[in-house]
Trainee: 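Here it is: the structure, laid out below.
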Amino acid sequence: MASPLLLFKGLLLIACWSANAAMAQLSIEALPPSLPEGGNALLRVDNQAEKPQVFFWYKGKRAFEEFKIAHYETASQTLKWGPKYSGRERIYTNGSLLLQNVTQEDTGIYTLESFDTYYRCEVAHVHFQVFKILTQPYLRVNNIILERWKSAIFECLSPDTGVDITWFFNNKPLDFNKRMALSPEKRRLIIVPLRVKDTGEYQCEVSSSFSSRKSNPISLILIRM
């Protein structure tokens, strides 16, 4: 038989949101608040007045059935998964939620709806970010041995999109001059005409708000003809 809470949850939901506005006690902390794909994140519950009797977790900001990850009833130790359960979640009896092997799709807001012994309700939200681990870029050049006064064309090849690209010369940010030109997306560097001082190691780096990766260096050699 379904519990009274589940039978009357539609009515309790209205009171729940009103009570939460007044109480403002329950809180959730994401540990860590941001992490790379493949890691684990704990959504830890804080500031509970007592151990929850029933709690619901939702993916998103709305406590609707279609967004439910799981709900747990303490008295019967009953755990039921919802439509947003992915198989990577773990529920703790204090209300905390562990997300394992996270992906970028896990980024977003999570909602906890918690009921105490008297079915008084509190609601709390938390947001955390999952970022993509960038692939190491590959640097290509039209030729590593070139004549002075000719041109060198470097291409920074990366499958990642929406990244910023930085160029390096001899392990320092490239000091651009009027003989150098970048394509609009910064993936191609052209140097013309080449001079002796252009001899050295070149690298490109892709970066996002959370991580960066550098290519292996390529040595450019100039010869006299």
Side-chain angles (χ1 to χ4, degrees), residues 28-44 59-61 84 86-89 97-110 125-225:
I28 310 168
E29 183 179 10
L31 301 172
S34 63
L35 72 165
E37 288 181 313
N40 296 340
L42 176 65
L43 307 186
R44 188 181 70 187
K59 176 68 167 68
K61 200 170 183 178
K84 290 298 182 179
S86 70
R88 297 177 289 108
E89 294 85 358
L97 172 66
L98 178 68
L99 301 174
Q100 304 173 92
N101 193 25
V102 295
T103 68
Q104 284 189 287
E105 286 70 30
D106 294 320
T107 292
I109 296 174
Y110 289 76
H125 309 286
V126 67
H127 178 276
F128 84 101
Q129 176 80 37
V130 180
F131 58 87
K132 180 179 175 59
I133 299 176
L134 298 177
T135 303
Q136 183 182 26
Y138 173 73
L139 185 59
R140 184 170 65 190
V141 65
N142 56 327
N143 202 328
I144 61 172
I145 302 177
L146 292 166
E147 299 175 38
R148 287 190 302 166
W149 308 106
K150 299 293 185 178
S151 62
I153 303 174
F154 296 91
E155 290 184 279
C156 188
L157 305 176
S158 169
D160 297 308
T161 58
V163 294
D164 191 30
I165 296 178
T166 305
W167 290 87
F168 291 83
F169 177 62
N170 290 334
N171 210 32
K172 295 180 180 179
L174 180 62
D175 185 16
F176 285 88
N177 57 55
K178 62 183 181 180
R179 296 181 296 106
M180 300 176 180
L182 282 177
S183 62
E185 70 282 1
K186 300 181 182 178
R187 291 181 180 266
R188 176 176 290 191
L189 168 67
I190 301 174
I191 306 175
V192 59
L194 288 167
R195 295 182 180 174
V196 173
K197 63 181 180 180
D198 298 320
T199 297
E201 288 189 342
Y202 290 81
Q203 287 175 283
C204 68
E205 179 185 72
V206 295
S207 60
S208 66
S209 301
F210 300 97
S211 65
S212 62
R213 294 291 300 274
K214 246 182 196 180
S215 69
N216 290 327
I218 284 183
S219 294
L220 184 66
I221 301 172
L222 298 186
I223 59 175
R224 296 183 179 182
M225 295 296 291

Trainee: List the steps, then state whether side chain to side chain contact (heavy atoms under 4.5 Å, CB included) holds for Leu189 with Leu174.
Mentor: CA-CA 11 Å; Leu189 168 67; Leu174 180 62; 3.7 Å; yes

Trainee: Given side chain to side chain contact (heavy atoms under 4.5 Å, CB included), test Glu205 with Ile165 step by step and report yes or no.
Mentor: CA-CA 5 Å; Glu205 179 185 72; Ile165 296 178; over 6 Å; no

Trainee: Evaluate the side chain to side chain contact (heavy atoms under 4.5 Å, CB included) criterion for residues Val196 and Arg148: first the C-alpha distance (whole Å), next the side-chain angles of each, then the deciding distance (0.1 Å), finally the verdict.
Mentor: CA-CA 7 Å; Val196 173; Arg148 287 190 302 166; 3.3 Å; yes

Trainee: Hey, does the side chain of Ser207 reach the backbone of Ser211 with a donor-acceptor pair shorter than 3.5 angstrom?
Mentor: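 Not at all, since once roles are kept as given, no pair shorter than 3.5 Å links the two residues.
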
Trainee: Rounded to the nearest 0.5 Å, how far does CZ of Arg44 lie from CG of Leu98?
Mentor: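 Rounded to the nearest 0.5 Å, the CG-CZ separation comes out at 13.0 Å.
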
Trainee: Could you go through Lys197 and Leu222, starting from their C-alpha distance and side-chain angles, then the distance that decides it, and tell me whether this counts as side chain to side chain contact (heavy atoms under 4.5 Å, CB included)?
Mentor: CA-CA 9 Å; Lys197 63 181 180 180; Leu222 298 186; over 6 Å; no

Trainee: When the side chains of residues 135-143 are checked against the rest of the protein, which donor-acceptor pairs come out under 3.5 Å, sequence neighbours left out?
Mentor:
unit_1 : atom_1 : unit_2 : atom_2 : d
Gln136 : NE2    : Lys214 : O      : 3.0
Gln136 : NE2    : Asn216 : OD1    : 3.3
Arg140 : NE     : Glu155 : OE1    : 3.4
Arg140 : NH2    : Glu155 : OE1    : 3.0
Asn142 : OD1    : Ile153 : N      : 3.0
Asn142 : ND2    : Ser151 : O      : 3.4
Asn143 : OD1    : Ile145 : N      : 3.1

Trainee: Main chain of Asn101, side chain of Asn40: is a donor-acceptor contact present, judged purely on distance under 3.5 Å?
Mentor: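 Yes; at least one donor-acceptor contact below 3.5 Å.
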
Trainee: Closest heavy-atom contact between Ile144 and Ser219?
Mentor: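 Smallest heavy-atom distance, with atoms named: CB-O, 3.5 Å.
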
Trainee: I want to check something: taking the side chain as every heavy atom from C-beta on, are Ile190 and Met180 in contact at a cut-off of under 4.5 Å?
Mentor: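 No, side chains not in contact.
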
Trainee: Rounded to the nearest 0.5 Å, how far does CZ of Phe154 lie from OH of Tyr202?
Mentor: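 Reported to 0.5 Å precision, the distance equals 5.0 Å.
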
Trainee: Measuring from Asp175:CG to Phe168:CZ, what's the distance to the nearest 0.5 Å?
Mentor: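 Nearest 0.5 Å value for the CG-CZ distance: 13.0 Å.
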
Trainee: How long is the span from the CZ atom in Phe128 to the CG atom in Leu31, to the nearest 0.5 Å?
Mentor: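 Phe128 CZ to Leu31 CG: 11.0 Å, rounded to 0.5 Å.
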
Trainee: Salt bridge (Lys or Arg N to Asp or Glu O under 4.0 Å), that's the test. Do Asp106 and Lys59 meet it? Break it down for me.
Mentor: CA-CA 9 Å; Asp106 294 320; Lys59 176 68 167 68; over 6 Å; no

Trainee: Restricting to pairs with a member in residues 134-167, which pass disulfide bond (SG atoms under 2.5 Å apart), not counting sequence neighbours?
Mentor: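 Pairs touching residues 134-167 that pass the test: Cys156-Cys204.
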
Trainee: If you measure from OG on Ser208 to CG on Leu134, what distance do you get to the nearest 0.5 Å?
Mentor: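 Output value for this atom pair is 4.5 Å.
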
Trainee: Would you check if Leu99 and Glu89 make a side-chain contact, meaning some heavy-atom pair closer than 4.5 Å?
Mentor: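 Heavy-atom side-chain distance check passes, below 4.5 Å.
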
Trainee: I need the minimum non-hydrogen distance between Thr107 and Gln129, along with the two atoms involved.
Mentor: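 Here Thr107 and Gln129 meet closest at CG2-OE1, 3.6 Å.
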
Trainee: Answer yes or no: is there a side-chain heavy-atom contact under 4.5 Å between Arg195 and Trp149?
Mentor: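 Heavy-atom side-chain distance check passes, below 4.5 Å.
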
Trainee: Taking all non-hydrogen atoms of both residues into account, name the closest pair between Pro36 and Val102 and its distance.
Mentor: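 Minimum heavy-atom contact is O-CG2, 3.7 Å.
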
Trainee: Got a second to check how far Phe176's CZ is from Leu182's CG, nearest 0.5 Å?
Mentor: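 Atom-to-atom, Phe176:CZ and Leu182:CG are 4.0 Å apart.
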
Trainee: What is the minimum heavy-atom distance between Val126 and Glu29, and which atoms define it?
Mentor: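 Reported closest heavy-atom pair: CG2-C, 4.3 Å.
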
Trainee: Can you confirm whether Arg188 is buried at CZ, in the sense that more than 12 heavy atoms of other residues, nucleotides or ligands lie under 6.0 Å from that atom?
Mentor: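 No - once you tally the heavy atoms of other residues, nucleotides and ligands closer than 6.0 Å, there are 12 at most.
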
Trainee: Can Asp198 and Arg179 be counted as an ion pair, charged N to O under 4.0 angstrom?
Mentor: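 Looking at Asp198 and Arg179, the cut-off is met.
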
Trainee: Would you say Val163 and Arg187 make side-chain contact, with heavy atoms under 4.5 Å?
Mentor: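 Yes, at least one pair of side-chain atoms sits under 4.5 Å.
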
